[in-house]
Student: 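Pasting a structure below so you can have a look.
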Amino acid sequence: MANIYGYEVLHGVGTFEETAPDSTEMAARLAAVLARGLPWVVVEDDTGRVIGFAYAGPYRLRSAYRYSVEDSVYVAPEARGQGVGRAALQRVIADCEALGLHQMVAVIGDASNTGSIGLHSSLGFSLAGALPAVGFKHGRWLDVVLMVRPLNGGSRRPPEGLGLAL
Ligand SMILES: CC(C)(COP(=O)(O)OP(=O)(O)OC[C@H]1O[C@@H](n2cnc3c(N)ncnc32)[C@H](O)[C@@H]1OP(=O)(O)O)[C@@H](O)C(=O)NCCC(=O)NCCS
């Protein structure tokens with residue numbers, strides 16, 4: 001997973017990080033997600049090699065955000081376009097619904113990221129807005145595209161559980 005994510009850090013615009021975290025740091029991020037009871041899904045190929053992953057983290061840490069999460073999804077370059085991202089994110093969405101959460105937010109870098117925008121659209125996310133030129137990477141300004149997907153009826157229903165402990 002560190003390799004897959006590191007590739008995007010160094011060569012892509014899907015993340016605004018510019019220094020690739022090593023596997024120890026990735027393990028710490030994984031542990032932090034699991035410690036909150038949130039899902040982290042790993043996809044392997046037939047040989048057991050990791051080809052993609054997706055997870056949900058808190059959207060923001062102030063307590064009123066406790067029913068919202070932000071998703072992340074990364075697929076190895078050679079495994080893209082084969083349904084790996086969809087399978088992983090679909091499972092994360094299902095798990096977050098089971099947790100009683102109400103909104104999933106995709107913070108997508110950059111407006112040129114047709115793969116991520118297409119994947120999220122295909123799983124029921126709709127465009128919520130865009131932040132122009134909030135990032136600068138690879139020598140150019142980067143936008144953020146915000147997409148949202150209601151969980152458990154979104155704003156149409158009151159929350160039932162306690163949400164995330166923030
Ligand atoms: C975005 C990403 C995770 C998509 O994963 P993937 O495994 O390639 O996507 P899938 O094959 O599961 O595609 C699922 C759907 O997404 C859409 N999609 C995927 N790639 C697309 C592309 N390049 N252009 C338009 N739509 C695309 C399609 O609707 C597709 O369904 P279809 O194949 O039935 O048409 C992958 O391209 C990736 O890792 N990109 C770099 C990292 C990144 O940007 N992550 C998101 C951070 S916000």
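Counting convention: from 1, in listed order, for ligands and their atoms alike.
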Student: Does the pair Arg80/Glu8 count as a salt bridge with the N-to-O cut at 4.0 Å?
Tutor: yes
Student: Any nitrogen or oxygen of Ala87, side chain or backbone, less than 3.5 Å from one on ligand 1?
Tutor: no
Student: Return the CD1 to CZ distance between Ile108 and Phe125, rounded to the nearest 0.5 Å.
Tutor: 8.0 Å
Student: So, 4.0 Å and heavy atoms of Gly12: is ligand 1 close enough to count as a contact?
Tutor: no
Student: Using a 4.0 Å heavy-atom cut-off, which part of Glu8 comes near ligand 1: side chain, backbone, both, or neither?
Tutor: side chain
Student: Is the backbone N or O of Thr15 less than 3.5 Å from a side-chain atom of Lys137, with the two atoms forming a donor-acceptor pair by type?
Tutor: yes
Student: Is any side-chain heavy atom of Arg149 closer than 4.5 Å to one of Ile93?
Tutor: yes
Student: Under 4.0 Å from atom 35 (O) of ligand 1, is there at least one protein heavy atom?
Tutor: no
Student: Applying a heavy-atom cut-off of 4.0 Å, say which part of Asn113 lies close to ligand 1: side chain, backbone, both or neither.
Tutor: side chain
Student: Among all the protein's non-hydrogen atoms, which is closest to atom 11 (O) of ligand 1, and how far away is it?
Tutor: Gly83 N, 2.7 Å
Student: Verify, without hydrogens or angle tests, whether Glu70 (side chain) and Pro58 (backbone) share a donor-acceptor contact under 3.5 angstrom.
Tutor: no
Student: Test your reading of the model: is there a side-chain donor-acceptor pair from His138 to the backbone of Gly12, 3.5 Å cut-off?
Tutor: yes
Student: When you look at Leu101 and Arg66, which way does the side-chain contact (heavy atoms from CB on, under 4.5 Å) test go after all the steps?
Tutor: CA-CA 8 Å; Leu101 300 170; Arg66 64 191 173 280; over 6 Å; no
Student: When you compare ligand 1 with Gly14, is there at least one nitrogen or oxygen pair between them that comes in under 3.5 angstrom?
Tutor: no
Student: Output yes when the distance from some N or O of ligand 1 to some N or O of Val73 is under 3.5 Å, and no in every other case.
Tutor: yes
Student: How far is atom 25 (C) of ligand 1 from its nearest protein heavy atom, and which residue and atom is that?
Tutor: Thr114 O, 3.5 Å
Student: Relative to each other, are the rings of Phe53 and Trp40 parallel, tilted or perpendicular (30° and 60° limits)?
Tutor: parallel
Student: At what distance, to the nearest 0.5 angstrom, does OG of Ser112 lie from CG of Leu142?
Tutor: 7.5 Å
Student: Hey, is Glu17 close enough to Arg29 for a salt bridge, meaning N to O under 4.0 Å?
Tutor: yes
Student: What residue and atom, counting heavy atoms only, is the protein's closest point to atom 31 (O) of ligand 1, and at what distance?
Tutor: Arg86 NH2, 2.8 Å
Student: Is it the case that ligand 1 has an N or O less than 3.5 angstrom from some N or O of Leu119?
Tutor: yes
Student: Sub-3.5 Å donor-acceptor pair from the side chain of Asp95 to the main-chain atoms of Pro39, do we have one?
Tutor: no
Student: Using a 4.0 Å cut-off to any heavy atom of Gly118, which atoms of ligand 1 qualify?
Tutor: 16 (O), 17 (C), 26 (N), 29 (O)
Student: So, taking the atom named CG in Asp110 and the one named CZ in Phe16, what distance separates them when rounded to the nearest 0.5 Å?
Tutor: 6.0 Å
Student: Give yes or no for whether the N/O distance cutoff of 3.5 Å, strictly under, is met between Tyr74 and ligand 1.
Tutor: no
Student: Ligand 1 and Gln82, any nitrogen or oxygen pair closer than 3.5 angstrom?
Tutor: yes
Student: Which atoms from ligand 1 have a heavy atom of Val84 less than 4.0 Å away?
Tutor: 7 (O), 12 (O)
Student: What residue and atom, counting heavy atoms only, is the protein's closest point to atom 7 (O) of ligand 1, and at what distance?
Tutor: Gly85 N, 2.7 Å
Student: Does the N or O separation between Ser116 and ligand 1 drop below 3.5 Å for any pair?
Tutor: no
Student: Around atom 8 (O) of ligand 1, find the nearest protein heavy atom and jot down its residue, atom name and distance.
Tutor: Gly81 N, 2.8 Å
Student: Which heavy atom of the protein is the closest neighbour of atom 19 (C) of ligand 1, given with residue, atom name and distance?
Tutor: Gly115 O, 3.8 Å
Student: Can you tell which of Val43, Ile51, Val75 gets a heavy atom nearest to atom 5 (O) of ligand 1?
Tutor: Val75
Student: Students should be able to answer this: which protein heavy-atom is nearest to atom 38 (C) of ligand 1, and at what distance?
Tutor: Arg80 NE, 3.4 Å
Student: Using only atom types and a distance under 3.5 Å, with no angle test, would you say the side chain of His120 pairs donor to acceptor with the backbone of Ser116?
Tutor: yes
